[in-house]
Amino acid sequence: MKLLYDHARFRLHKNNVEDLINDYETLMKLREAIQAKYFSIYEELLNENLIEGELDASIWGITREHETDTWNSELRLMSDIKTNFEIAINMIESGEAEKSIIDAENW
């Protein structure tokens with residue numbers, strides 16, 4: 001009975017982690033689109049002499065690099081957690097978990 005409970009719980013957590021991973025992927029694409037739009041608008045305003053200044057892409061590059069490193073690190077962690085849930089789910093579904101429990105009890 002506990003294995004059925006664990007199976008349902010692991011599937012729920014795996015789905016939550018998958019949703020989070022999808023959110024990160026959406027966030028990264030959105031961030032890229034925002035940066036492209038930012039530079040496009042900024043350059044257009046400069047060209048039309050509506051604003052003064054310089055377009056310093058290096059600051060954006062450093063910020064994006066830091067964000068990307070952080071997000072990729074968090075994504076790797078969530079992917080590892082998802083993989084562990086998948087392994088546990090597969091062990092339950094294949095009967096391997098039940099066999100291990102029985103073997104441990106008979107040991």
Side-chain angles (χ1 to χ4, degrees):
M1 189 59 109
K2 176 150 178 8
L3 283 178
L4 292 175
Y5 170 75
D6 287 344
H7 183 265
R9 192 170 52 127
F10 294 163
R11 289 189 67 77
L12 172 67
H13 290 306
K14 180 182 139 304
N15 289 339
N16 289 340
V17 170
E18 282 178 342
D19 286 344
L20 180 59
I21 289 169
N22 290 334
D23 288 345
Y24 269 104
E25 291 169 353
T26 300
L27 175 64
M28 293 168 82
K29 289 175 187 171
L30 179 60
R31 184 65 165 118
E32 187 177 328
I34 287 171
Q35 182 178 0
K37 189 174 183 179
Y38 173 89
F39 284 124
S40 174
I41 291 171
Y42 197 94
E43 187 174 331
E44 186 177 314
L45 295 173
L46 281 175
N47 290 340
E48 293 184 22
N49 295 317
L50 296 173
I51 61 171
E52 293 181 5
E54 281 186 40
L55 187 59
D56 189 358
S58 66
I59 293 171
W60 270 85
I62 292 168
T63 301
R64 283 277 314 281
E65 185 176 318
H66 177 71
E67 287 173 347
T68 301
D69 288 347
T70 300
W71 294 341
N72 282 336
S73 174
E74 292 168 359
L75 268 171
R76 278 190 301 277
L77 174 62
M78 288 297 118
S79 293
D80 289 346
I81 291 170
K82 178 184 166 214
T83 299
N84 289 337
F85 281 126
E86 288 171 341
I87 291 168
I89 290 166
N90 287 336
M91 287 178 69
I92 293 169
E93 290 175 351
S94 71
E96 185 179 342
E98 184 176 9
K99 184 181 179 318
S100 293
I101 291 169
I102 292 169
D103 290 347
E105 289 173 353
N106 291 332
W107 175 243

> Has the side chain of S40 got a donor or acceptor atom that lies under 3.5 Å from a matching backbone atom of A36?
Replying inline: no
> Got a donor-acceptor contact below 3.5 angstrom from the T83 side chain to the S79 backbone?
Replying inline: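 It does hold such a pair.
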Do the side chains of [X] and [Y] join up, straight or via other hydrophobic residues, at under 4.5 Å, putting them in one cluster?
X: I41; Y: F39; result: yes
X: F10; Y: I101; result: yes
X: L45; Y: W60; result: yes
X: Y5; Y: I87; result: no

Kindly give the heavy-atom pair with the smallest separation between [X] and [Y], and that separation in Å.
X: M78; Y: V17; value: O-CG1, 3.3 Å
X: Y42; Y: E52; value: OH-O, 4.3 Å
X: G53; Y: L46; value: O-CD2, 3.5 Å

> Is it the case that more than 12 heavy atoms not belonging to E98 sit under 6.0 Å from its CD atom?
Replying inline: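 No, not enclosed.
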> Do other residues, nucleotides or ligands put more than 12 heavy atoms under 6.0 Å from the CD atom of E32?
Replying inline: no
Nearest-0.5 Å distance that lies between atom [atom1] in [X] and atom [atom2] in [Y]:
X: L75; Y: E25; atom1: CG; atom2: CD; answer: 6.5 Å
X: W71; Y: D23; atom1: CH2; atom2: CG; answer: 12.0 Å
X: T63; Y: R31; atom1: OG1; atom2: CZ; answer: 7.0 Å
X: I81; Y: N16; atom1: CD1; atom2: CG; answer: 11.5 Å
X: T70; Y: Y24; atom1: OG1; atom2: OH; answer: 9.0 Å
X: E44; Y: I51; atom1: CD; atom2: CD1; answer: 10.5 Å

>> Parallel, tilted or perpendicular, judged at 30° and 60°: which one describes the rings of H13 and F85?
In response: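 Taking F85 first and then H13, their aromatic rings lie parallel (interplane angle under 30°).
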>> Does this structure show an ion pair linking D80 with R76, if we count only N-O contacts that are shorter than 4.0 Å?
In response: no
>> Regarding K82 and E86, does a basic nitrogen lie under 4.0 Å from an acidic carboxylate oxygen?
In response: yes
>> Which residue in the set E93, K2, M91 passes side chain to side chain contact (heavy atoms under 4.5 Å, CB included) when paired with H7?
In response: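 When side chain to side chain contact (heavy atoms under 4.5 Å, CB included) is applied between H7 and each of E93, K2, M91, only E93 qualifies.
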>> With side-chain contact (heavy atoms from CB on, under 4.5 Å) as the criterion, how do R9 and D6 come out once you've worked through the C-alpha distance, each side chain's angles and the decisive distance to 0.1 Å?
In response: CA-CA 5 Å; R9 192 170 52 127; D6 287 344; 2.9 Å; yes
> Can you check whether N72 reaches M28 side chain to side chain, under 4.5 Å on heavy atoms?
Replying inline: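 SC-SC contact between N72 and M28 confirmed.
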